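Chain identifiers are assigned alphabetically (A, B, ...) following the order of the sequence lines, protein sequences preceding nucleic acid strands; residue numbering begins at 1 within each chain. Below, each value reflects all heavy atoms present in this structure, side chains not excepted, and no hydrogens, waters or symmetry copies. Treat the numbers as computed from the prediction; the structure is a model and nothing was measured.
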Amino acid sequence: MLHGSKRVTLNASRFLYLSSFPCLLHTMGTSIVTSTHTDDAETHSNGTQFLIFMRHQCRAGQVKNFDEALDLFQRMARMKPVPSVKDFTLLLGVIVRLRHYTTAISLVKHMYSALGIEPDTITLNIVINCLCRLKLISFGFSVLGTMFKLGLEPTVMTLTNLINGLCVQGNVAQAVVLADHMEKLGYPLDVYTYGVLVNGLCKTGDTLVAIRWLRKMEERNWKPNVVVYSSVMDGLCKDGLVYEALNLFSEMGAKDVLPNLVTYTCLIQGLCNFGRWKEVGSLLDDMMKMGMKPDVQTLNILVDSFCKEGKVTQAKSVIGFMIIMGEKPDVFTYNSLIHVYCLQNQMNEAMRIFNFMVNGGCLPDIAVFTSLIHGWCKNKNINKAMYLLEEMGKMGFVPDVVTWTTLIGGFCQAGQSLVAKDLFFNMHKHGKVPNIQTCAVMLDGLCKGNLLSEAVSLVEAMEKSNLDLNIFIYIILLDGICSSGKLNDAWELFSSLPAKGLQIDVYAYTIMIKGLCKQGLLDKAEDLLMNMEENCPPNNCTYNVFVQGLLTKKEIARSIKYLAIMKDKGFSVDAATTKLIINYLSTNKGDTEIQEYLFPKR
DNA sequence: CTAGGGTTAG
């Protein structure tokens with residue numbers, strides 16, 4: 001019988017893939033491959049032909065989607081005799097590269113339980129890698145235990161995978177400890193181990209430490225490859241250190257390490273963040289001259305950067321270029337557009353793009369739904385936001401911490417702080433824990449909703465938790481306390497910041513100055529401004545806030561003095577300040593001196 | 001069989 005075997009429908013496997021992991025680990029092992037029959041057509045010589053075909057497809061990167069890969073696996077599983085582990089690992093590698101980690105794990109299980117293949121180091125390494133990618137590092141370590149029990153010796157790769165798992169989880173300190181331990185146990189670190197560590201350090205923002213590891217590997221005569229360099233360059237760019245990234249790029253060239261598409265993409269992202277479009281253009285040119293074609297991922301960075309600058313027309317022309325280059329816009333592309341329309345309160349356009357992408361067969365993801373929910377909340381249309389939340393649920397998406405935070409912020413903005421509070425305190429029932437950003441949004445809502453004492457309690461609770469509180473949290477609270485007019489409390493909090501190990505930044509100073517001005521304590525505000533000059537230079541906003549305070553109290557001479565200082569420093573008068581000057585002028589028409597500062601000649 | 005690039009909350 002040629003088609004006697006039952007194949008799992010593609011939709012079913014997709015559905016399983018989307019459901020929650022712990023459940024998956026138990027159910028998927030037997031559900032993906034249901035065939036028990038042997039396909040006669042795929043035995044003997046046909047089978048050999050097929051395996052040659054399969055190897056070629058895998059090695060040439062021709063297996064581009066999950067369904068194809070699964071199909072290949074199923075055909076292999078039906079062969080008699082069963083293909084070698086080597087052939088299976090080749091295909092598993094493809095599935096891992098397609099990021100179908102849960103499936104890969106269940107396929108290995110199937111190999112052991114149904115196909116009679118003995119567990120070996122390589123397949124267990126694959127399992128460990130997948131578990132680590134799924135942030136299930138403790139399961140990864142238990143597979144290591146299994147290896148020992150089976151009498152299998154872990155390899156450098158096994159341990160490197162676990163180090164990567166620790167990094168993926170954000171536990172880089174432990175990763176470094178494990179690497180040191182590895183060396184002591186006689187497992188020399190290899191290029192991959194260094195690569196994993198360097199990347200982990202960059203991801204947590206420890207780019208300088210990552211560079212030390214890069215140098216360390218050179219000292220030990222390992223030549224950093226394009227992956228290691230690209231990781232560091234990406235870290236530097238994300239820190240805004242584009243100059244340093246470009247230096248490393250030259251260094252790489254000098255050491256004869258060829259850049260690839262990823263290297264260029266990292267640099268392009270770094271330059272885009274600073275609107276350095278000209279340089280972006282010349283990097284793209286260089287890249288294409290070297291025979292590399294930007295892919296969707298590279299071009300999405302341009303689309304997103306234009307969107308972030310509000311330049312939708314340019315973003316759309318990049319999408320046009322994308323199509324010319326033969327790349328299809330994907331969920332990231334569409335979300336960048338949807339997000340910018342949401343920010344601009346153009347919900348009709350946002351929904352139009354959403355429908356366009358869905359009709360074009362591009363599945364929305366949780367980020368898209370969250371953008372739209374954000375947009376509707378901003379539009380003060382909570383009903384539409386809740387409707388989308390429901391739709392999202394119907395599609396099998398579970399709200400994540402970002403979705404919850406968006407909703408909490410949305411209810412706060414709509415003046416429903418109590419509903420927001422309810423969401424905040426009950427989200428854990430849905431398995432999601434507030435993070436520092438969730439707390440920041442809630443805190444702001446409590447402050448703006450005149451629930452100051454609750455805001456104070458929230459910060460106290462946060463201090464007791466293991467959240468790593470940043471200055472931003474205190475700035476929100478400080479702003480809340482200032483707005484309520486409790487200047488003594490505000491001053492006390494402001495002064496206590498250094499003792500909490502936090503560096504008072506320009507925002508904190510500015511909020512405090514604004515609070516002092518509001519209470520008419522202009523001298524104190526001025527003292528603070530003077531104080532800043534030495535250790536934390538005031539910015540445009542700081543001066544505007546202070547001048548607004550002066551103008552409100554009709555301190556015209558002092559206003560003029562500071563307007564002159566601003567002009568001298570190249571700062572500009574903002575909308576609120578302008579309004580106050582115009583107000584003053586409307587009753588004091590003769591004052592030409594202050595008028596000078598209204599529309600400064602450039 | 002392992003490592004690097006893109007979207008969402010402030």
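- Nearest nucleotide to the side chain of A:Lys203, out of B:dG4, B:dT8, B:dT7: B:dG4.
- With hydrogens and angles ignored, a donor-acceptor pair under 3.5 angstrom links the side chain of A:Asp295 to the base of B:dG5.
- Side-chain atoms of A:Ser230 and base atoms of B:dG5 include no donor and acceptor less than 3.5 Å apart.
- With B:dT2, B:dG4, B:dG5 as the candidates, the nucleotide lying closest to the side chain of A:Gln297 is B:dG5.
- Between A:Lys308 and B:dT8 there is a side-chain polar atom (N or O) within less than 4.0 angstrom of OP1 or OP2.
- In this model, the phosphate group of B:dT8 is not approached by any side-chain N or O of A:Lys378 to a distance below 4.0 Å at OP1 or OP2.
- Judged by atom type and distance alone, A:Asp365 does not reach the base of B:dT8 through any side-chain donor-acceptor pair under 3.5 Å.
- Contacts of A:Ser231 with the nucleic acid, taken as non-hydrogen atoms under 4.0 Å apart, involve only primed sugar atoms and P, OP1 or OP2.
- Of the candidate nucleotides B:dG5, B:dG4, B:dA9, B:dG4 has the atom nearest to the side chain of A:Val226.
- Heavy atoms of A:Asp444 sit nowhere under 4.0 angstrom from any nucleic acid atom.
- Note that the CG atom of A:Leu248 and the OG1 atom of A:Thr263 stand 10.5 Å from one another [nearest 0.5 Å].
- A donor and an acceptor atom sit less than 3.5 Å apart, one in the side chain of A:Thr405 and one in the base of B:dA9.
- Side chains of A:Thr158 and A:Thr155: a donor-acceptor N/O pair is present below 3.5 angstrom, by distance only.
- The side chain of A:Thr370 lies closest to B:dT8, out of B:dT8, B:dC1, B:dT7.
- Judged by distance alone, with hydrogens and angles left aside, A:Asn335 brings a side-chain donor or acceptor within reach of the base of B:dT7, the pair sitting under 3.5 Å.
- To the nearest 0.5 angstrom, A:Asn260 atom CG is 9.5 Å from A:Met287 atom CE.
- Note that the OG1 atom of A:Thr405 and the CD1 atom of A:Ile373 stand 11.5 Å from one another [nearest 0.5 Å].
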